[in-house]
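This report concerns only the one structure given below.
Naming: A, B, ... by sequence-line order, numbering from 1 per chain.
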Amino acid sequence: METRYNPKEIEAKIYQDWEKKGYFNPDKAKTRSKRSFSIVFPPPNVTGTLHIGHALNATIHDVLLRYHRMKGDKTLCVPGTDHASIALQSTLEKKMRKEGVSRFDLGREKFIERAWEWRQEYGNIILNQLRAMGLSCDWSRAKFTMDPDYVAAVEAAFTYYHKQGWVYRGQRVVNWCPRCGTSISDLEIEHSAELSKLWYLKYPLAENENEFIVVATTRPETLLGDAAVAVNPKDERYSNLIGKTAILPICGRKIPIIADPAIDIEFGTGAVKVTPAHDHNDWQMGQRHKLETIAVIDQRGKINDSAPEPYRGLKAVDAREKIIIDLQDRGLLEKIEDHNIQIPKCSRCSTVIQLLPSKQWFVKMDILAAKALKAAKTGKVKFCPKRWEAAYSSWLKEPRDWCVSRQLWWGQRLPVWFCQNDAEKYIVGLKAPQKCPFCKKCQMTRSEDVFDTWFSSALWPLAVFGWPKSKPDLKKYYPTSVLITARDIINLWVARMVFSGLEFMKKSPFKDVIIYATVLTKDGKRMSKSLGTGVDPLLLIEKYGTDATRFGLAWQITETQDIHFNEDTMVSGQKFCNKVWNAARFVLCQLGEQKNIYSQTIKPKPITTADRKILTGLAKISRSTEKKINNYEFGHAIRELYEFFWHEFCDAYIEAAKNQIREPKNDLEAKNTKAILIYVLANSLKLLHPFMPFITEEIWQSLPLKNKKDLIIEPWPG
RNA sequence: GGGCAAUUAGCUCAGUGGUAGAGCGUUCCGUUCACAUCGGAAAGGCCACAGGUUCGAAUCCUGUAUUGCCCACCA
């Protein structure tokens, strides 16, 4: 053995050997227990490459998987990738824009072909990178969210919801990304705080155009679509104006002055312009007061033909400029104040979101959300750390109906069929009927819309096991044991998986949800490729080896919300690997040429104080490691193991052993010491294996033990 | 506007009621038989601040400050 541990030579070799022997597939490997331990790995987007968050996640997954495999459980981890509808489409369009091509130049069919090509080329990169992390999942079960059986699951879920009466189609004000050309959900919006203005606009009264009602607004361009002015019914300043009529500046339309309790008396002037077409609140107010919905911004974010001629075709921001100037010219701009607002932006492309009325498909959330909420309340779903339950619950308490349709091309199409002669007539079903039930003559055409990406990911823990078909995997491995994911998708993904699982399988898809910390830079900044602040896990592996990288990541896993990434822990990992390697070298050297005669299970009898100490120490660390892994305290587990191995075993016992072997007090002592050395080493390797699988397996292979299997499937000590 | 978290040695972090800890870094010493990716030793902290509970507080409570992150239809 070399004096230094060299990970590069052995990692790939060992991984292939494990995979070839079928250890990652519980159907191939004989297991000692009937209990199953299953996890579905959160499917990375096909656009992605491995980042430090994935590496951390893979480490946690693999620690649990290897621990449970050694405990004898039928252990399964299903990997896969997500088609990532909007993310991939947006990435692809960005690339095409450089070539000077738009998706409309290509057309839907060709565009989808290109998306598939992309997926062929890049789709599995990240899965291969996860192999490099040592992740022991069953590659033969890998799924993609656009596999035919997966698409079938998505369609089945939608038609089921429809049968329940929970699906409706309707004209609503939705978040619209003019760049992506689609509706998006509230959860796909990112707000950026910006300093803007509050404009005070004077609306003349119809009775006397020299009198005004002043409204305050942050979006003057929506004036073109105003349908009313609203005040609070308790606001005495305006009580004489309620029911009167104002004249909408520039447009000249007459609009009513209405009373609505939703208006905040304190804000601005207490009078609000109401634009039902371009604001959620105003939409609702419009419904209450039966106001006209006048859309003036189109799907490209430009002013449409419902607006007066001079504004048509202007971008919303430019229209704002012009309107302010025009109002000023007419003396209708009272004042401007600075005002902090939250600008909604598309989380995919950062384009400013427009709110506009559009016909979309919704899934009612009341019943589903209540189920998911109850699951957390009754402890059927537990968050770790516990505090994340609040994030989950607070969103589920006031759910808005889920807009599941997207005007994208890449994704699973809605199983909805329209009559060609009446666009309002449709049926929901898995296949188009032979004959249109409405006009009796047309060939019905399928909806152009695709599903929200998260509608399909919500089914991940079911669909990977073959749902809606009744497959053996579904019986054996559903529900899964634990979900390990990042906090930013608690509502987007976790909550939706929970209610999908409860609805379709009557059981929550997992019991425990581990929310791991967000990895930030050392300075607490967001890691980002474009800022150059990201850390590439593959470079860490290259530099320190996989085991050292995993050690370093595990070391940093505590209950914190954020990790300020510190590469020093990888250095510690590398040194620790070397320490383990050399301790093994020493032990093997002491044992000499003897062939597999030592026992790893029968505890040698202690003779000296040092013997007693180390054997007690081993028993203690075994119990403690098990407990900490069961409690998901990975950082503490590895810190303790490190402490034990380095200081108790190497510093104390090996040093004592040198004397006991060289100058034994009796015949037995030297021989017994050797037995203790290998016993403690063997069991330490087992405890370390979930964290550092490669080096431990490599050393294990050369230990002269009786009845030895590969370490990955050896029984857990204790 | 609401919520969550963080604040401990130069750096990154452990430490949840009983004399302040680790890794890295720094200084000094040590290469003869597992390992210099090592061994030994040392320096370095009024545990953010202010109150309170307690025999005793980094730890529990209240408040303040700074930072970060979520959620929210205040125009």
Side-chain angles (χ1 to χ4, degrees), chain A residues 1-6 173 175 186-187 190-191 198-201 215-220 222 226 229-230 260 262-275 278-285 339 341-342 344 355 385-395 397-398 400 487-488 490-491 517-518 520-526 544-545 548 551-552 555-590 633 635-636 639-640 642-643 646-647 650-651 654-655 657-658 662 677 681:
Chain A
M1 282 170 95
E2 300 282 327
T3 58
R4 286 186 182 192
Y5 169 61
N6 186 350
V173 172
N175 310 305
D186 296 333
L187 294 174
E190 274 165 12
H191 292 273
L198 191 58
W199 287 273
Y200 288 76
L201 316 181
V215 297
T217 181
T218 56
R219 292 193 301 153
T222 60
D226 280 2
V229 170
D260 194 290
I263 306 302
D264 181 352
I265 298 176
E266 305 293 320
F267 189 89
T269 60
V272 180
K273 58 192 273 321
V274 183
T275 323
H278 299 296
D279 186 274
H280 291 298
N281 280 332
D282 294 5
W283 168 266
Q284 279 161 17
M285 224 183 292
H339 189 62
I341 54 164
Q342 303 280 328
L355 299 171
K386 224 177 160 186
R387 60 173 174 274
W388 297 113
E389 192 195 314
Y392 170 93
S393 296
S394 71
W395 182 72
K397 264 178 208 154
E398 291 175 62
R400 278 214 219 155
R487 63 166 179 262
D488 48 341
I490 289 175
N491 298 322
T518 304
L520 304 172
T521 66
K522 210 169 177 174
D523 316 317
K525 301 259 164 59
R526 193 162 265 289
Y544 305 106
F551 174 98
W555 186 275
Q556 296 182 61
I557 299 171
T558 57
E559 272 212 1
T560 53
Q561 204 160 272
D562 301 314
I563 289 172
H564 291 192
F565 181 76
N566 187 0
E567 200 169 313
D568 290 350
T569 59
M570 277 75 197
V571 175
S572 302
Q574 192 183 27
K575 290 184 176 178
F576 186 53
C577 284
N578 202 53
K579 193 74 182 176
V580 173
W581 185 255
N582 278 292
R585 265 189 353 122
F586 172 79
V587 173
L588 287 170
C589 183
Q590 300 305 310
E633 298 171 286
H636 291 114
R639 282 165 206 237
E640 276 186 7
Y642 173 90
E643 174 72 22
W646 198 302
H647 300 298
C650 296
D651 290 353
I654 287 183
E655 291 311 313
K658 285 176 185 171
R662 265 172 230 146
L677 278 173
L681 175 66

Would you mind reading off the distance between A/L355 atom CG and B/rA75 atom P, rounded to a whole angstrom?
12 Å

Using whole Å, report how far CD of A/E567 lies from C1' of B/rG23.
14 Å

With a cut-off of less than 4.0 Å, is there a side-chain N or O of A/W646 near OP1 or OP2 of B/rG39?
yes

Testing B/rC70, B/rA34, B/rA75 for proximity to the side chain of A/R526, the answer is B/rC70

Roughly how many Å apart are B/rU54 and B/rU59, using the P atom of each and rounding to a whole number?
16 Å

Looking only at the side chain of A/R662 (C-beta and beyond, no hydrogens), which of the listed nucleotides B/rA14, B/rA34, B/rC24 gets closest?
B/rA34

Which part of the nucleic acid, if any, lies within contact of A/C650, taking any heavy atom under 4.0 Å across all strands shown: a base, the sugar-phosphate backbone alone, or nothing?
base

Heavy atoms only, 4.0 Å cut-off, all strands: where does A/T569 land among base, sugar-phosphate and nothing?
nothing

Answer with base, sugar-phosphate or nothing: what part of the nucleic acid does A/E266 contact at a heavy-atom distance below 4.0 Å?
nothing

Using whole Å, what does the distance between atom P of nucleotide B/rU37 and atom OH of A/Y642 come to?
14 Å

5' precedence on RNA chain B between A/R487 and A/A390 (nearest-nucleotide basis):
A/A390

Which nucleotide sits closest to the side chain of A/K522: B/rG40, B/rC11, B/rU37?
B/rC11

What distance do A/L681 atom CG and A/Q590 atom CD have between them, rounded to the nearest 0.5 Å?
12.5 Å

Which part of the nucleic acid, if any, lies within contact of A/H339, taking any heavy atom under 4.0 Å across all strands shown: a base, the sugar-phosphate backbone alone, or nothing?
sugar-phosphate

Whole-Å distance between B/rA72 C1' and A/D279 CG?
14 Å

When you compare B/rC4 with B/rA22, how far apart are their C1' atoms, in angstrom units rounded to a whole number?
28 Å

In whole Å, I'd like the distance from the OH atom of A/Y5 to the P atom of B/rA36.
18 Å

Contact class for A/R4 vs. all strands (heavy atom < 4.0 Å): base, sugar-phosphate, or nothing?
base

From the list B/rC38, B/rA22, B/rA72, which nucleotide is the closest neighbour of the side chain of A/K579?
B/rC38

Check A/Q556 against A/N566 and note the closest heavy-atom contact, atom names and distance.
NE2-O, 3.2 Å

Between the side chains of A/Q574 and A/Y5, does any donor sit under 3.5 Å from an acceptor?
no

Between A/T518 and A/R487, is there a side-chain heavy-atom distance shorter than 4.5 Å?
yes

Strictly by Watson-Crick or wobble contacts shorter than 3.5 Å, is anything paired with B/rC71, and which nucleotide is it?
B/rG1

Nucleotide nearest A/Q561 (side chain, heavy atoms from C-beta), chosen from B/rU12, B/rG40, B/rC4:
B/rC4

Scanning all shown strands, the Watson-Crick or wobble mate of B/rC13 with both distances under 3.5 Å is B/rG21

Minimum-distance nucleotide to A/H564 side chain [options: B/rC35, B/rU12, B/rG23]:
B/rU12

Provide the distance between the two C1' atoms, one in B/rC33 and one in B/rG23, to the nearest whole Å.
30 Å

Within the 4.0 Å heavy-atom criterion, would you say A/D651 contacts the bases, only the backbone, or no part of the nucleic acid?
sugar-phosphate

Assign each of A/V587 and A/T560 the nucleotide of RNA chain B bearing its closest heavy atom; nearer the 5' end lies the nucleotide of A/T560

Would you say B/rG3 has OP1 or OP2 under 4.0 Å from some side-chain N or O of A/K397?
no

Separation of B/rG23 C1' from A/Q574 CD (nearest whole Å):
14 Å

Check for me whether the distance between the ring centres of A/H339 and A/Y200 falls short of 6.0 Å.
no

d(A/T275 OG1, A/L355 CG) to nearest 0.5 Å is 10.5 Å

Nearest-Å distance once atom C1' is located in both B/rC13 and B/rG25
14 Å

So what does A/A583 touch, heavy atoms closer than 4.0 Å: a base, only the sugar-phosphate, or nothing?
base

Could you check, using the six-membered ring where one of them is a Trp, whether A/W555 and A/F551 have ring centers closer than 6.0 angstrom?
yes

Just the rounded figure in Å: distance from C1' of B/rA5 to CG of A/L520.
12 Å

Closest nucleotide among B/rA75, B/rC70, B/rA34 to the A/F267 side chain:
B/rA75

When you measure from the side-chain N and O atoms of A/K525 to the phosphate of B/rU67, is any distance below 4.0 Å, counting only OP1 and OP2?
no

Check every strand shown and say whether A/K273 touches a base, only sugar-phosphate, or nothing at a heavy-atom separation below 4.0 Å.
nothing

Rounding to an integer number of Å, can you tell me how far A/E2 CD sits from B/rU37 P?
15 Å

For nucleotides B/rG40 and B/rC35, find the distance between their C1' atoms and express it as a whole number of Å.
15 Å

State whether A/S572 places a side-chain N or O below 4.0 Å from either non-bridging phosphate oxygen (OP1 or OP2) of B/rC24.
no

On the six-membered ring of A/Y642, is A/K579 placed so that its NZ or CZ lies under 6.0 angstrom from the centre and within 45° of the ring axis?
no

From the options B/rA72, B/rA34, B/rA14, select the nucleotide whose nearest atom is closest to the side chain of A/N582.
B/rA34

C1' atom, B/rC29 versus B/rA36: distance in rounded Å?
14 Å

In terms of side-chain heavy atoms of A/D264, which of B/rC38, B/rC74, B/rA34 is nearest?
B/rC74

For the P atoms, the ones on B/rU7 and on B/rA48, what distance do you get once it is rounded to whole angstrom?
8 Å

Which part of the nucleic acid does A/E389 contact within heavy-atom distance under 4.0 Å: base, sugar-phosphate only, or nothing?
nothing

A/T518 near the nucleic acid: base, sugar-phosphate alone, or nothing, with a heavy-atom cut-off under 4.0 Å?
nothing

Under 4.0 Å: is that the gap between some side-chain N or O of A/H636 and OP1 or OP2 of B/rA14?
no

Would you say B/rC4 has OP1 or OP2 under 4.0 Å from some side-chain N or O of A/R387?
no

Sugar-phosphate only, base, or nothing, as touched by A/V272 at under 4.0 Å among non-hydrogen atoms:
base

So that I can tick it off, tell me whether A/K575 and A/D568 are bridged by a salt bridge, with the cut-off set at under 4.0 angstrom between side-chain N and carboxylate O.
no

Interatomic distance at P, B/rA14 relative to B/rA50, whole Å:
24 Å

